[in-house]
Amino acid sequence: MPIDINGLGNLFIVYGINCLGALAIAVVGWWAAGLLERLALRALISSHMDPIVATFLASLVRYSIMVLMFVLILQVVGIQATSLVAVLGAASLAIGLALQGTLSNMAAGVMLLLFRPFRLGDAIEVAGKAGTVKNLNLFMTELASGDNVQILIPNGQVWGSPITNTSAYPTRSVSVKVTVPYGGNIEAAASHIRDALSRDNRVLPLPAPAVDASGFNDRGVEIVVTAWTKSADAGAFKAAIVHQASNAVQQAASAT
């Protein structure tokens with residue numbers, strides 16, 4: 001059977017041009033998606049919208065452009081949209097099962113955006129991870145740990161887990177336990193701690209700080225130190241209380 005060289009050549013040229021057109025659309029579409037995402041983010045932030053909402057909507061713009069790019073590529077290579085809809089309709093169950101994790105993450109991202117249990121910059125603990133919120137997109141929540149390590153958590157896990165947000169309220173209670181050895185001067189230790197708290201300008205006057213003996217353990221008498229401070233100062237303030245209480249216990253022990 002003779003081979004139609006001219007026909008094959010024409011076919012190769014036609015499909016080659018279509019493939020080159022599809023490749024050009026892919027490159028331009030990818031570039032345009034990134035550009036429009038940045039422009040949308042800049043415009044939304046300049047309109048004083050919450051940064052986490054602005055980031056989410058900008059990522060939605062990016063993915064919408066990429067979906068449009070995919071449809072155009074299919075049209076260029078000769079796959080009609082009506083045929084594509086028919087194929088997707090027939091395979092909807094298989095696609096749904098294959099993408100159920102991704103779709104659940106998208107749905108969780110929408111719920112996080114609507115209910116907003118945290119904001120950009122909040123310190124949270126979720127799904128066994130703790131850090132500062134850096135970003136929220138359609139699929140992932142990005143945290144930065146205390147040592148500035150990136151943590152990416154699927155939105156489905158974030159929405160389905162208890163969320164501890166230590167930045168939600170302006171003030172926090174800080175509590176520390178110290179032990180005064182048996183035979184030590186408990187009143188002197190408590191007095192030293194109260195004096196240190198009175199000199200710390202991070203301590204809020206109300207509710208008033210408390211220094212109380214709470215019980216016993218194998219090493220001595222336990223003293224609980226409780227004070228209120230601003231949420232932003234809580235970490236450094238707790239470290240300072242531990243240091244001050246330890247010094248007070250040592251001073252009380254040396255005074256006996």
Side-chain angles (χ1 to χ4, degrees), residues 33-66 101-176 197 200-207 209 225-244:
L35 177 63
L36 291 176
E37 181 185 26
R38 292 191 296 271
L39 292 176
L41 181 61
R42 189 180 307 167
L44 292 171
I45 290 179
S46 64
S47 65
H48 305 290
M49 180 178 289
D50 186 87
I52 200 167
V53 179
T55 302
F56 189 93
L57 293 178
S59 66
L60 192 62
V61 170
R62 176 185 178 88
Y63 289 114
S64 298
I65 296 299
M66 293 179 68
T102 301
L103 295 176
S104 66
N105 287 330
M106 291 179 61
V110 173
M111 299 300 289
L112 289 171
L113 178 64
L114 291 176
F115 290 96
R116 297 170 68 183
F118 50 78
R119 297 174 181 269
L120 205 65
D122 283 358
I124 68 171
E125 183 176 349
V126 61
K129 305 295 182 181
T132 303
V133 179
K134 291 296 184 181
N135 190 20
L136 170 65
N137 58 37
L138 279 175
F139 306 105
M140 294 282 185
T141 298
E142 179 185 350
L143 306 180
S145 65
D147 51 354
N148 204 32
V149 175
Q150 184 187 54
I151 302 173
L152 297 175
I153 309 175
N155 286 336
Q157 293 184 22
V158 176
W159 179 248
S161 301
I163 301 173
T164 302
N165 188 343
T166 57
S167 303
Y169 304 123
T171 60
R172 283 177 58 190
S173 172
V174 176
S175 183
V176 172
L197 290 175
D200 196 326
N201 56 13
R202 292 170 295 189
V203 178
L204 299 178
L206 293 174
V225 183
T226 304
W228 285 77
T229 185
K230 295 180 180 179
S231 295
D233 297 331
F237 179 57
K238 184 171 184 178
I241 288 182
V242 171
H243 179 69
Q244 294 164 358

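Once rounded to the nearest 0.5 Å, the distance linking CD1 of Ile124 with OG1 of Thr132 reads 9.0 Å. Considering CG of Leu112 and CG of Asn137, their distance stands at 11.0 Å, rounded to 0.5 Å. To the nearest 0.5 Å, the span separating OG on Ser175 from CH2 on Trp228 amounts to 11.0 Å. The distance from the CZ atom of Arg62 to the CG atom of Leu41 is 12.0 Å, given to the nearest 0.5 Å. Annotation: the span from Lys134 atom NZ to Asp122 atom CG amounts to 11.5 Å, rounded to 0.5 Å.
Take Trp159 and apply the ring-ring contact (aromatic ring centres under 6.0 Å, His included) test, not counting sequence neighbours, and it matches Phe115. Take Asn201 and apply the side chain to side chain donor-acceptor pair (under 3.5 Å) test, not counting sequence neighbours, and it matches no residue.
Nearest heavy atoms, Gln157 versus Ala127: OE1-CB, 4.3 Å. The shortest heavy-atom contact between Thr141 and Val158 is OG1-CG2, 3.8 Å. Among all heavy-atom pairs drawn from Ala33 and Met66, the shortest one is CB-CG, 4.0 Å. For Lys238 against Val176, the heavy-atom pair with the smallest separation is CG-CG2, 4.0 Å. The nearest pair of heavy atoms linking Asn165 to Pro117 is ND2-O, 3.2 Å. Of all heavy-atom pairs between Ser145 and Ile151, the closest is CB-CD1, 3.9 Å.
Counting heavy atoms from C-beta outward, Leu197 and Ile241 have side chains that approach closer than 4.5 Å. Side-chain contact between Pro170 and Lys230 is absent, with no heavy-atom pair separated by less than 4.5 Å.
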Determine, stepwise, if the pair Asn155 / Leu136 fulfils side chain to side chain contact (heavy atoms under 4.5 Å, CB included).
CA-CA 8 Å; Asn155 286 336; Leu136 170 65; 3.4 Å; yes
Begin from the C-alpha positions of Ser173 and Thr226 and carry the test side chain to side chain contact (heavy atoms under 4.5 Å, CB included) through to its verdict.
CA-CA 7 Å; Ser173 172; Thr226 304; 3.5 Å; yes
Show, in sequence, the C-alpha distance, side-chain angles and deciding distance for Phe118 and Leu143, and conclude whether the side chain to side chain contact (heavy atoms under 4.5 Å, CB included) test is met.
CA-CA 12 Å; Phe118 50 78; Leu143 306 180; over 6 Å; no
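At distances below 3.5 Å, not a single donor-acceptor pair connects side-chain atoms of Ser161 with backbone N or O atoms of Val126. Side-chain N or O atoms of Ser231 include one that pairs as donor or acceptor with a backbone N or O of Tyr169 at under 3.5 Å. Within the 3.5 Å criterion, the main-chain N or O of Arg202 finds a donor-acceptor partner in the side chain of Asp200.
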